[in-house]
Number of protein chains: 2
Amino acid sequence: MSGNSRLTTAVHALCWLELAHRRGRPTLTSAQIADSLASHPVLIRRTLAPLRDRGLLDIAGRGPGAGWRLARPAAELSLADVHSALAEPAPFDLHPHEPKQTCPVGYGIRPVLAHIYAEVEAEITAALARRTIADVLDTTLAEHPLPQ
Amino acid sequence: MSGNSRLTTAVHALCWLELAHRRGRPTLTSAQIADSLASHPVLIRRTLAPLRDRGLLDIAGRGPGAGWRLARPAAELSLADVHSALAEPAPFDLHPHEPKQTCPVGYGIRPVLAHIYAEVEAEITAALARRTIADVLDTTLAEHPLPQ
DNA sequence: GAAAGAGTAACCATAATAGTTACACCCTCT
DNA sequence: AGAGGGTGTAACTATTATGGTTACTCTTTC
């Protein structure tokens with residue numbers, strides 16, 4: 001239990017919602033989404049909450065019959081949108097403590113590294129922006145269809 | 001204490017070694033490196049050990065007078081080399097458990113996501129490959145020189 | 001009033017990281 | 001031979017993130 005699978009969880013959930021939508025099912029409950037992920041409804045609600053707050057998803061109704069649904073067409077929902085909404089941690093951190101300020105390297109290296117790390121983040125975002133939820137779902141269904 | 005600052009630690013150490021080299025100091029001990037980072041010699045040895053094993057660094061001598069030194073010119077040492085030697089964790093993981101195999105999404109989504117995540121990794125590597133230790137040191141000294 | 005749904009707080013287990021101590025081992029120097 | 005300066009590494013601690021789980025509140029439909 002070390003890594004970070006929230007992007008996976010969110011993308012899986014959104015693809016599943018889109019597939020349900022295509023099949024004429026407008027919404028899914030968090031229990032139904034959790035079933036596909038072999039996870040738990042509370043985890044789904046926790047993971048999807050920031051997407052709801054950012055307007056990627058919404059809840060249709062309340063009480064019995066309520067459920068999650070995409071707030072935008074799946075073809076207009078990129079993985080970068082999901083990544084950004086999740087506020088994923090950056091892959092690289094600067095020093096845990098301030099380095100020695102009387103050393104030329106310790107004094108000046110932090111903004112240099114921060115700039116490089118920002119570039120890396122931009123590349124990650126750009127790579128994720130190339131794929132939409134619709135792309136992922138279409139590729140999944142086309143390249144790895146259920147047997148029989 | 002959540003993130004991962006090992007790339008920062010390693011790049012800082014390598015820059016400091018290169019600066020020492022330019023000043024006519026062929027090696028630095030882990031205690032001297034730790035001093036610049038406001039860290040501890042054991043952490044330095046732990047972080048630098050995989051770089052030594054991968055041939056980016058070596059130890060000159062043993063016993064008194066021993067110390068770390070770059071095994072290659074700093075201009076031929078990219079941050080991607082460092083990142084790779086450190087075996088940094090990927091930013092995104094797949095599902096913590098196998099998703100439901102009777103769901104079309106659960107059945108087929110993992111290789112699709114794995115492919116996208118591999119692309120992201122490649123972009124990270126490419127961005128880091130654009131900078132060498134010499135670049136980082138030169139930029140640090142030029143853009144953020146010690147006052148007076 | 002019962003039941004289904006989301007929203008959330010609280011707690012547990014696990015793992016990674018940084019920090020730290022302790023000690024074994026190797027070598028140089030006196 | 002012994003002292004001391006180095007690395008190598010195991011072991012332990014504290015902190016934090018993550019996933020998992022339970023338990024509860026609130027709202028709405030039936």
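Proteins get letters first, then strands, A, B, ... in listed order; numbering begins at 1 in each.
More than 12 heavy atoms of other residues, nucleotides or ligands lie within 6.0 Å of CZ in B:R22, so this atom counts as buried by the packing criterion.
Comment: B:D58 does not engage B:R72 in a salt bridge, judged by the lack of any side-chain N to carboxylate O separation of less than 4.0 angstrom. A salt bridge does not link A:R23 to A:E18: none of the charged nitrogens lies less than 4.0 Å from a carboxylate oxygen.
C:dG7 atom P lies 14 Å from atom CG of A:L43, rounded to whole Å. Atom pair A:W68:CH2 and C:dG7:C1' shows a separation of 9 Å (rounding to whole Å applied). Atom pair A:R69:CZ and C:dA6:P shows a separation of 13 Å (rounding to whole Å applied). Distance, B:L57 CG to D:dG8 P: 11 Å, rounded to whole Å. Atom CD1 in A:I44 sits about 16 Å away from atom P in C:dT8, given to the nearest Å. In this structure, the CG atom of B:L48 is 10 Å from the P atom of D:dG8, given to the nearest Å. Note: CD1 (A:I59) to C1' (C:dT8) measures 14 Å, nearest angstrom. Note: CG (A:D53) to C1' (C:dA6) measures 13 Å, nearest angstrom.
The closest side-chain heavy-atom distance from A:Q101 to A:E98 is below 4.5 Å. Residues A:V136 and A:L79 meet the side-chain proximity criterion, which asks for heavy atoms closer than 4.5 Å.
Closest contact between the side chain of A:N4 and the listed nucleotides C:dG7, C:dG5, D:dT18 involves D:dT18.
Judged by atom type and distance alone, A:R45 does not reach the base of C:dG5 through any side-chain donor-acceptor pair under 3.5 Å. Not a single donor-acceptor contact under 3.5 angstrom links the side-chain atoms of A:R6 to the base of D:dG19.
Of the residues in residues 86-102 of chain B, those with a non-hydrogen atom less than 4.0 angstrom from any atom of DNA chain D are B:P96, B:H97.
In terms of position along DNA chain C, the nucleotide closest to A:P64 lies nearer the 5' end than the nucleotide closest to the other residue of the pair A:P64 and A:V42. DNA chain D is contacted by both A:T9 and B:L28; B:L28 maps to the nucleotide lying nearer its 5′ end (nearest heavy atom per residue). Nucleotides of DNA chain D nearest to A:G63 and A:T47 differ in position, and the one nearer the 5' end is that of A:T47. Looking at which nucleotide of DNA chain C each of A:R46 and A:R52 is closest to, the 5′-most match is held by A:R52.
Between D:dT18 and A:S5, no contact under 4.0 Å exists linking OP1 or OP2 to a side-chain N or O. Proximity of A:R62 to the phosphate of D:dT27: no side-chain N or O atom is located under 4.0 Å from OP1 or OP2. In this structure, A:S39 reaches the D:dG20 phosphate: one of its side-chain N or O atoms is under 4.0 Å from OP1 or OP2. The phosphate of C:dA6 (OP1 or OP2) has a side-chain N or O of A:S30 nearer than 4.0 angstrom.
Annotation for B:G106 and A:S36: closest pair N-OG, 4.1 Å, computed over non-hydrogen atoms.
Ring geometry for B:Y117 versus B:F92: interplanar angle of 30 to 60°, hence tilted.
Among the heavy atoms of the strands, none lies under 4.0 Å from A:G61.
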Could you check B:C15 against A:I109 for side chain to side chain contact (heavy atoms under 4.5 Å, CB included), going step by step and ending with a plain yes or no? CA-CA 9 Å; B:C15 285; A:I109 200 174; 4.2 Å; yes

